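Following this message is one structure expressed as structure tokens.
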Amino acid sequence: MSTNETPTTAIRRALDLQRAAFIAEGAVGIETRKARLQLVIDLVVEHNDALCEAMRDDFGGRPVAFSMMNDVLGSLAALKAARDHLHEWVGDQPRTSVQPFDQFGATAWLKIQPKGVVGIIGTWNAPLFTLLAPLASVFAAGNRAVLKPSEVAPRTAEEVARMVAQGFDPAVLAVVTGGPETATAFTAQPWDHLVFTGSIEVGKRVMKAAAENLVPVTLELGGKSPVLIGRSADIRTAAERIAVGKAMNSGQLCVAPDVVWVPAEKMDEFVAAVREVYAGLFPTIAGNADITPTVNDRHFARVESYVADAGARGARVVMAGDFPSAEGTAERRMPLRLVIGAPADSEIARHEIFGAAMMIETYREIGDAVAAINAGGRPLALYYFGSDEAEQAWVLDHTLSGGVAINDVLMHAALHDAPFGGVGSSGMGHYHGREGFLEFSHLRSVYKAGSHDPRREWGMLPPYGPHFEGMMRASVTR
Ligand code: NAD
């Protein structure tokens, strides 16, 4: 952005440059798409240390190994899957033509074309992945893109901007950095498609702004992803996998387990098992470099206020792991808090937690737990633990969520051959796999007339006579 430029003019300039180049380019060949994907891969490999250091600093001590796994390797896997499967997705598809014109040579096909220029807005919690995983599908489909990283992870945003500027012609890929003002200006542009990852509240504003220009949106939102532990589940295994998943990024993941539903008689066993597993993973909290701190003071205060509010309203709060200390608090590192029986009107029950706390609820009949889940917004993820196949099928048939993992948590988000996205309040649209490629493509139906048009000789043109009406009547069949 030059000195006198407002966010709006800088973003518009980036969009206009890319749109002009897109229109001038015409067909975007498979080799061009692969080369763009490969260039992102090469840049991420080259800059991976700098990116992980930036993410470490943005969180005040996020483990480099976690950033490597989640953001660097997660992004690389999405980019490589797109590069390696692109040849299976591109190309025209023949379709059945219109009868009886097909008898005279009329044909039809689907031409799968890029939409043009796609805007991508990312989050702080996975500050590289939420930009580059959608970008993999956007580039595979032959589009150009402008990225808007989250201002809550400013070092990573700068590193991404530097990396992209080093490797890419801004007419193909560009980055604009900035806070809510820039983000608002970003969503007001006439993109050919807009991808937003973030909270439900901001997602609503993004969709409204996009509607002004009739821009199609992919909304990757969050919500309260539930876990259902069936009576057939091995409690220890479930507790271990849930604790391990919840500990990732200290619960600051869109698919983190938020509420766990446990059979009433197994609650104590479950709580004890989570505490034991968690304490084994993190014997200490303060100074423990394996624990990702809460990203900033605002989010730390938010999560702590949810826990305090639930406690004040009569919920039982059980600490998993070491006790909080002044040192840990100063580092924004807290043990996992299990909040048992939070009232429905408490803050924690009404909002996505997105931090080091997890609600536990009990049920007598699994149908009651499913009814409670269905009474809320449709979640991004739903998890079922158990060996009862009939119950598993019943749960899946009677719920709807963006994705599902069975006998584990989070893992479905790592599927690169299947779409990732939400439904209802957890969002719309998806990236990853062939479905992600199609999300950012326009499916253009093409009809090509045959060499001979029989309509005149068959009496199908005005002035209509009785023959034509008879012909039409004869065609009204079951
Ligand atoms: P957020 O909604 O606060 O911010 C996300 C992005 O929106 C940022 O880049 C920000 O600059 C931008 N923004 C802020 N105000 C805006 C406005 N008025 N108009 C347009 N853009 C605006 O979300 P966050 O705190 O960064 O991320 C946490 C949320 O994201 C959680 O709800 C989490 O579940 C969700 N999330 C979802 C996924 C997914 O794939 N579904 C992945 C990661 C996070």
Side-chain angles (χ1 to χ4, degrees), residues 7-8 11 58-59 70-71 74-75 78 119-137 146-154 156-157 160-161 175-189 191 194-212 215 217-225 248-258 294-296 298-300 302-303 351-355 377-381 401-403 410 412-415 419-432 436 439:
T8 302
I11 297 162
D58 279 334
F59 281 81
N70 189 73
D71 283 88
S75 300
I120 304 178
I121 300 179
T123 58
W124 54 264
N125 74 306
L128 190 64
F129 182 83
T130 55
L131 297 171
L132 300 192
L135 182 65
S137 297
V146 181
L147 311 178
K148 207 302 273 171
S150 168
E151 71 284 4
V152 177
T156 312
V160 169
V175 180
V176 292
T177 55
E181 194 199 342
T182 303
T184 306
F186 198 90
T187 54
Q189 302 305 317
W191 304 103
L194 181 61
V195 184
F196 169 80
T197 303
S199 58
I200 292 172
E201 281 318 308
V202 177
K204 288 177 189 172
R205 274 182 256 158
V206 170
M207 196 167 170
K208 264 190 201 153
E212 283 298 315
V215 171
V217 288
T218 299
L219 299 178
E220 299 281 351
L221 311 178
K224 294 187 78 64
S225 295
M248 296 261 177
N249 216 27
S250 288
Q252 300 169 107
L253 287 182
C254 55
V255 284
D258 192 293
T294 302
V295 71
N296 59 25
R298 179 169 65 86
H299 280 284
F300 187 79
R302 180 183 58 77
V303 177
H351 301 287
E352 177 181 4
I353 301 172
F354 218 60
R378 286 179 169 157
L380 184 59
S401 61
L410 315 188
H412 66 289
L415 296 170
F420 178 76
V423 59
S425 64
S426 56
M428 61 187 71
H430 36 248
Y431 48 80
H432 281 173
E439 173 94 356

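All ligand and atom numbering here is 1-based and tracks the order in the structure. Remember, predicted model here, so these are calculated numbers, not experimental data.
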| Taking heavy atoms and a distance under 4.0 Å, where does Thr197 meet ligand 1: side chain, backbone, both or neither? | both
| field | Protein contact to atom 37 (C) of ligand 1 [nearest heavy atom, distance to 0.1 Å] | value | Cys254 CB, 3.2 Å
| field | Proximal atoms of ligand 1 relative to Thr187 (non-hydrogen, under 4.0 Å) | value | 20 (C)
| task | Give yes or no for whether the N/O distance cutoff of 3.5 Å, strictly under, is met between Glu352 and ligand 1. | result | yes
| Of the protein's non-hydrogen atoms, which lies at the shortest distance from atom 35 (C) of ligand 1, and what is that distance? | Gly198 O, 3.3 Å
| field | His351: ring pair (Phe, Tyr, Trp, His ring centres under 6.0 Å) partners, not counting sequence neighbours | value | Tyr306
| message | What I'd like to find out is whether the side chain of Val175 reaches to under 4.5 Å of the side chain of Pro149, using heavy atoms alone. | response | yes
| task | Examine the proximity of ligand 1 to Leu253 and report which part, side chain or backbone, both or neither, has a heavy atom under 4.0 Å away. | result | neither
| field | Straight-line distance of Glu201 CD to Glu352 CD, nearest 0.5 Å | value | 11.5 Å
| request: Determine whether Met207 and Leu219 make a side-chain contact, defined as any pair of heavy atoms from C-beta on separated by less than 4.5 Å. | output: yes
| said: Using side-chain heavy atoms (C-beta onward) and a distance below 4.5 Å, is Thr182 in contact with Thr177? | reply: no
| note | Rounded to the nearest 0.5 angstrom, the OG-CZ distance for Ser250 and Phe300 is 10.5 Å
| request: Enumerate the atoms of ligand 1 whose separation from the nearest heavy atom of Glu220 is less than 4.0 angstrom. | output: 37 (C), 38 (C), 39 (C), 40 (O), 41 (N)
| task | Please indicate, with yes or no, if any protein heavy atom is found under 4.0 Å from atom 4 (O) of ligand 1? | result | no
| In terms of atom number and element, which parts of ligand 1 are under 4.0 angstrom from non-hydrogen atoms of Gly222? | 34 (O)
| request: Provide, to 0.1 Å, the distance between atom 8 (C) of ligand 1 and the closest protein heavy atom, together with that atom's residue and name. | output: Gly122 O, 3.3 Å
| With only distance considered, is Lys148 within less than 3.5 Å of ligand 1 through an N or O on each side? | yes
| message | Distance check, rounded to the nearest 0.5 Å: Lys148 atom NZ versus Leu131 atom CG? | response | 9.0 Å
| request: May I ask you to check if ligand 1 and Ser199 share an N or O to N or O distance below 3.5 Å? | output: yes
| Per-atom contacts, ligand 1 versus Trp124 - under 4.0 Å to a heavy atom | 24 (P), 25 (O), 26 (O), 27 (O)
| Gap between atom OG1 of Thr8 and atom CD of Glu181 - 0.5 Å precision | 7.0 Å
| request: Kindly indicate, with the supporting measurements, whether the criterion side-chain hydrogen bond (donor to acceptor under 3.5 Å, both in side chains) is fulfilled by Glu439 and Ser137. | output: CA-CA 8 Å; Glu439 173 94 356; Ser137 297; over 6 Å; no
| query | Nearest protein heavy-atom contact for atom 7 (O) of ligand 1: which residue, which atom, what distance? | reply | Phe196 CE1, 3.2 Å
| task | Using atom types as modelled and distance alone, determine if a side-chain donor or acceptor of Arg302 lies under 3.5 Å from a backbone N or O of Ile353. | result | yes
| remark: So OG of Ser425 and NZ of Lys224: to nearest 0.5 Å the spacing works out to 11.5 Å
| said: Suppose I only count heavy atoms of Val206 and a 4.0 Å limit; which atoms of ligand 1 are within that range? | reply: 20 (C)
| So between Phe354, Phe186, Phe129, Tyr431, whose heavy atom ends up nearest atom 28 (C) of ligand 1? | Phe354
| remark: Judged by heavy atoms only, the candidate from Thr177, Val202, Leu194 nearest atom 15 (N) of ligand 1 is Val202
| message | Among all the protein's non-hydrogen atoms, which is closest to atom 21 (N) of ligand 1, and how far away is it? | response | Ala183 CB, 3.2 Å
| request: For atom 10 (C) of ligand 1, find the nearest protein heavy atom and state the residue, atom name and distance (0.1 Å precision). | output: Glu151 OE1, 3.5 Å
| Interatomic distance, Leu147 atom CG to Leu132 atom CG [nearest 0.5 angstrom] | 7.0 Å
| request: Looking only at protein heavy atoms, identify the closest one to atom 18 (N) of ligand 1 and say how far it is in Å. | output: Arg205 NH1, 3.3 Å
| message | Please list, in number order, the atoms of ligand 1 under 4.0 Å from a heavy atom of Asn125. | response | 43 (C), 44 (C)
| note | among protein heavy atoms, the one nearest atom 27 (O) of ligand 1 is Thr123 CG2, 3.5 Å
| query | Looking at Thr184, which atoms of ligand 1 are within less than 4.0 Å of one of its heavy atoms? | reply | 17 (C), 18 (N)
| query | Do Val206 and Leu194 have side-chain heavy atoms sitting under 4.5 Å apart? | reply | yes
Could you go through residues 119-130 and list every donor-acceptor pair under 3.5 Å that involves a side-chain atom there, pairing it with any protein atom two or more places apart or in another chain?
from   : atom 1 : to     : atom 2 : distance (Å)
Thr123 : OG1    : Asn125 : OD1    : 2.6
Thr123 : OG1    : Thr130 : OG1    : 3.4
Asn125 : ND2    : Gln252 : O      : 3.0
Thr130 : OG1    : Thr123 : N      : 3.1
Thr130 : OG1    : Ala126 : O      : 2.9

